[in-house]
Amino acid sequence: MARIPEHQIEQVREANDIVDVVGDYVRLKKSGRNYFGLCPFHGEKTPSFSVAPDKQIFHCFGCGVGGNVINFIMQYEKIEFVEAVKLLADRAGITLQYESGGSGAPAPKKEDLSHYHSLHERITGLYEKALWQSNEGKQALDYLRGRGLVDAVLKRFRVGYAPDQWDFVTLQVMKLGLPKEVLTKSGLLMTKDRGGFYDRFRKRIMFPIMGVQGRVIAFGGRVLPGDDQSAKYMNSPETPVYHKGKVLYGLNHTKGDIRNAQEAILVEGYLDLIRLYQSGFHNVAAGSGTALTEQHGKILSRFADTVFLCYDSDEAGVKATDRAGKILLDAGLTVRVIQLPSGSDPDSYFDDHSPEDFQALLDEAPDFMGYLVSYYRPRLRSATAKSNFAERFVSDLAQMNNRLTRELLLSQFAEGMGMTESTLFRLLRDKIRYQPHRRGEENGTRDSLRPESATDKAEYELLRLHFSESEVVLKWLLKNLEPEILERMRFKEIFQKARSELENELPLNRSRMVDALRDSPLQSLVSRILFDLDSGKAVTVQLAQDCVSALKQHQLKEELKTLREELRDVEKNDGDVLTILRQIRTIEKQLTAEKQTG
């Protein structure tokens with residue numbers, strides 16, 4: 001199997017600053033030397049996830065996960081080591097050379113997702129060429145220009161056109177020699193009843209959907225006006241590289257602006273986003289072929305404090321606003337609602353209004369509950385309508401994870417709708433009682449590798465000393481830590497690797513150690529230790545001696561316990577007890593001596 005040379009792995013790691021990379025997935029805030037945020041690997045309300053720029057590592061002090069930038073990508077994207085290195089190499093513009101020769105793709109353990117990425121990139125280019133250079137594409141281009149969109153923005157978002165052909169994509173794809181499984185799962189082709197393929201997208205304006213790193217992973221297709229034979233929009237299905245509930249359209253272009261503003265404008269459609277972007281509102285994102293999900297809310301919370309919902313002003317848009325607002329509030333975001341004129345959507349609004357007009361709507365946007373109450377209260381005239389709406393609202397709250405948020409919303413709802421708060425709270429408690437356990441709730445997750453017993457703590461401190469920069473301590477450890485003690489240690493694997501490295505180089509190469517443990521859960525323990533080195537704890541030979549003594553005493557006590565159990569068995573069977581007694585006395589003397597010198 002092709003391998004990536006170690007020097008290239010190090011090059012990729014050094015070219016990808018961990019704060020920048022993690023910042024694409026987690027909203028980080030600097031505190032002292034490090035950055036902190038909510039852990040993306042377990043649900044939490046108080047940040048325990050830390051990134052150390054000087055060490056280029058991360059660690060969560062809640063669930064214990066940790067490592068370097070490559071390990072973060074592996075765990076977040078759920079991909080193998082080679083795939084993570086390749087993703088980061090692409091991000092840094094590094095061409096990998098594999099030890100088997102050439103620069104061809106490696107053979108990963110799991111499905112090679114690079115086939116899907118290269119395929120989508122190639123087809124994006126074909127769609128772009130069809131829009132800008134073909135006679136059939138001219139009609140689509142004229143339509144887009146007629147909607148007020150300029151060429152530069154269309155090219156920035158790589159808008160294209162799928163001709164009215166059954167095999168426009170199929171013929172090109174078949175030339176690539178890709179595995180049949182990739183062709184079937186790509187979402188670009190449909191299978192014929194008698195075998196073979198035909199194009200999924202035909203006679204549509206094509207919007208490439210990109211992941212946060214800018215790689216094309218799917219498409220959205222829109223028919224031209226007057227085409228009533230198909231659904232207005234068609235989107236790629238779920239594929240190995242595209243999960244609708246986890247992707248926001250345009251975020252690869254706008255994440256920096258959202259992060260800088262700490263505010264995001266959320267729209268529903270591709271053209272809505274492009275029109276706002278063209279009008280100067282670059283902190284915008286859109287859904288991707290599905291309603292807003294909890295995962296979308298978590299993604300936005302990494303970049304912003306506040307989300308402005310800007311959906312269509314019709315009844316369907318109001319319902320979507322209602323649902324999305326609760327999801328975003330549950331994600332810890334402040335939610336405000338942009339109220340467009342009746343009959344408008346974010347795209348058509350700019351046909352008759354200026355960017356300054358839209359900015360005024362932004363400035364005047366009410367908070368979510370204020371909007372909800374002002375919209376529904378005058379429309380709920382009968383007691384039955386009011387009761388039914390309250391029932392639905394409370395049911396939605398019961399599904400939220402954030403207890404404080406749902407209680408505040410309920411209080412605001414009761415006040416705004418003129419209802420009795422205590423009655424609504426009783427209804428909420430009843431509905432929560434029948435809700436299944438929510439995966440996103442904090443559930444006491446804790447680091448399974450965290451030292452708990454006195455012995456574990458001694459072993460942890462001893463391991464921490466191995467990662468220190470004190471040559472005096474390191475030389476003492478290499479000389480005095482006996483193999484018999486190491487053999488019985490809980491974290492023996494790390495000790496063995498660390499000592500093997502120290503025999504060749506003092507102090508330890510920390511980055512190499514983190515990489516060496518990439519396939520081991522113990523990597524998280526190493527990241528915790530590296531964070532601990534800045535805690536001001538002692539790094540002395542005396543501490544090392546105390547830890548070794550504590551471990552020796554523990555091991556002697558365990559031996560005594562075993563021998564006394566054997567003695568009871570021998571006594572029951574009238575066996576030779578003298579030999580065991582002599583062994584017990586010998587170990588007792590060793591334990592006494594160790595206590596005196598420890």
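Values in this document were obtained by computation on a predicted structure and should not be read as measured data.
Tested against Phe219, the residues Tyr270, Tyr127, Tyr242, Tyr161 include a single ring pair (Phe, Tyr, Trp, His ring centres under 6.0 Å) partner, Tyr127. Checked against Val284 for a side chain to side chain contact (heavy atoms under 4.5 Å, CB included), the options Leu266, Leu273, Ile274, Ile258 give a single hit: Leu273.
You'll find the ring centres of His253 and Phe157 inside the 6.0 Å limit. Checked against the 6.0 Å centroid criterion, the rings of Phe36 and Phe58 do not qualify as a close aromatic pair.
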Apply side chain to side chain donor-acceptor pair (under 3.5 Å) to residues Glu356 and Ser354 and explain how you reach the verdict. CA-CA 5 Å; Glu356 290 74 20; Ser354 68; 3.2 Å; yes

Can Val169 and Phe197 be said to form a side chain to side chain contact (heavy atoms under 4.5 Å, CB included), step by step? CA-CA 10 Å; Val169 168; Phe197 300 95; over 6 Å; no

Stepwise side chain to side chain contact (heavy atoms under 4.5 Å, CB included) test for Leu333 and Thr306: CA-CA 6 Å; Leu333 290 154; Thr306 301; over 6 Å; no

Walk me through it: do Gln8 and Leu96 pass the test side chain to side chain contact (heavy atoms under 4.5 Å, CB included)? CA-CA 7 Å; Gln8 281 220 300; Leu96 296 175; 3.7 Å; yes

Apply the test side chain to side chain contact (heavy atoms under 4.5 Å, CB included) to residues Val216 and His117: give CA-CA distance (whole Å), side-chain angles for both, the deciding distance (0.1 Å), then the verdict. CA-CA 6 Å; Val216 182; His117 294 134; over 6 Å; no

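A side-chain donor-acceptor contact under 3.5 Å links Gln56 to the backbone of Pro53. Looking only at distances, no side-chain donor or acceptor of His59 sits under 3.5 Å from a matching main-chain atom of Gly67. A donor-acceptor pair under 3.5 Å links the side-chain atoms of Ser524 to the main chain of Gly66, judged by distance alone. With hydrogens and angles disregarded, no donor-acceptor distance shorter than 3.5 Å links the side chain of Ser344 to the backbone of Leu340. Within the 3.5 Å criterion, the main-chain N or O of Val267 finds no donor-acceptor partner in the side chain of Asp272. Side-chain atoms of Lys185 do not come within 3.5 Å of backbone N or O of Pro240 as any donor-acceptor pair. Panel note: side chain Glu10, backbone His7; no donor-acceptor pair is recorded below 3.5 Å. Panel note: side chain Gln278, backbone Val150; a donor-acceptor pair is recorded below 3.5 Å.
Salt-bridge check for Arg336 with Asp367: failed, with every basic side-chain N at 4.0 Å or more from each acidic carboxylate O. Under 4.0 Å is where a charged nitrogen must lie from a carboxylate oxygen, and between Asp199 and Arg204 no such pair does. Ion pairing between Lys86 and Asp90 holds under the 4.0 Å rule for side-chain N and carboxylate O. Using a 4.0 Å cut-off between charged side-chain N and carboxylate O, Asp227 and Arg202 make no salt bridge. Salt bridge annotation for Arg145-Asp151: present, with a cationic side-chain nitrogen under 4.0 angstrom from a carboxylate oxygen. Remark: Glu121 engages Arg158 in a salt bridge, criterion side-chain N to carboxylate O under 4.0 Å. With respect to the salt-bridge test (charged N to carboxylate O, under 4.0 angstrom), the residues Lys298 and Glu294 do not qualify.
By the 4.5 Å heavy-atom criterion applied to side chains, Phe303 and Asn283 are not counted as neighbours. Side-chain contact check for Asn71 versus Val514: every heavy-atom pair is 4.5 Å or farther apart. Between Thr184 and Leu189, every side-chain heavy-atom pair lies at or beyond the 4.5 Å cut-off. In this structure, the side chains of Ile70 and Val85 come closer than 4.5 Å at one or more pairs of heavy atoms. At least one side-chain heavy atom of Ile327 sits less than 4.5 Å from a side-chain heavy atom of Leu292. When side chains are defined from C-beta on, Leu409 counts as touching Thr405, because their heavy atoms get closer than 4.5 Å. Side-chain contact between Phe49 and Cys63 is absent, with no heavy atoms from C-beta onward closer than 4.5 Å. Within the 4.5 Å cutoff, the side chain of Tyr116 has heavy atoms near those of the Val182 side chain.
Between Ser134 and Glu136, the side chains place no donor N or O within less than 3.5 Å of an acceptor N or O (distance only, hydrogens not considered). Defined by atom type and a distance below 3.5 Å, a donor-acceptor pair is present between the side-chain atoms of Arg156 and Tyr277. Arg27 and Tyr35 share no donor-acceptor pair across their side chains, judged by distance under 3.5 Å alone. Side-chain contact annotation: Arg13 with Asn68, donor-acceptor N/O pair under 3.5 Å absent. Judged by distance alone, the side chains of Asp257 and Thr254 never bring a donor and an acceptor atom under 3.5 Å apart. For the 3.5 Å distance criterion, the side chains of Asp345 and Ser348 qualify, holding a donor opposite an acceptor. Under 3.5 Å, the side chains of Asp167 and Gln172 contain no donor-acceptor pair of N or O atoms.
In this structure, Ser313 and Val318 approach most closely via the heavy-atom pair O-CG2, 4.4 Å. When all heavy atoms of Cys310 and Ile265 are compared, the pair lying nearest together is CB-CG2, 4.0 Å. Closest approach of Asn252 and Gly211 over heavy atoms only: CB-O, 3.3 Å. Between Asp330 and Asn402, the shortest heavy-atom contact is OD1-N, 2.8 Å. What you find for Ala304 and Ala264 is that their closest heavy atoms are CB-N, 4.1 Å. Taking each heavy atom of Gly37 and Leu28 in turn, the nearest pair found is N-CD2, 4.2 Å.
Taking the centre and axis of the six-membered ring of Trp132, the NZ or CZ atom of Lys138 falls outside the cone set by 45° and 6.0 Å.
Atom CD of Gln262 has more than 12 neighbouring heavy atoms from other residues, nucleotides or ligands inside a 6.0 Å radius. At most 12 heavy atoms of other shown residues, nucleotides or ligands fall within 6.0 angstrom of atom CG in Asn135. Within 6.0 Å of the CZ atom in Arg122, the count of heavy atoms belonging to other residues, nucleotides or ligands does not exceed 12.
Put simply, CG on Leu119 and CG on Leu183 are 7.5 Å apart, with the number rounded to the nearest 0.5 Å. Here the CG atom belonging to Leu38 is positioned 9.5 Å from the NZ atom belonging to Lys29, to the nearest 0.5 angstrom. Asn16 contributes atom CG, which lies 4.5 Å from atom CG of Leu88 (distance to the nearest 0.5 angstrom). For the atom pair CD (Glu83) and CE (Met74), the distance works out to 9.5 Å, reported to the nearest 0.5 Å. Going from atom CG of Asp322 over to atom OH of Tyr376 covers 4.5 Å, rounded to the nearest 0.5 Å. The CG atom of Asp312 sits 14.0 Å away from atom NZ of Lys319, with the distance rounded to the nearest 0.5 Å.
Using cut-offs of 30° and 60° for the angle between ring planes, the Tyr233 and Phe207 rings count as tilted. A tilted orientation is assigned to the rings of Phe281 and Phe350, their planes being inclined by 30° to 60°.
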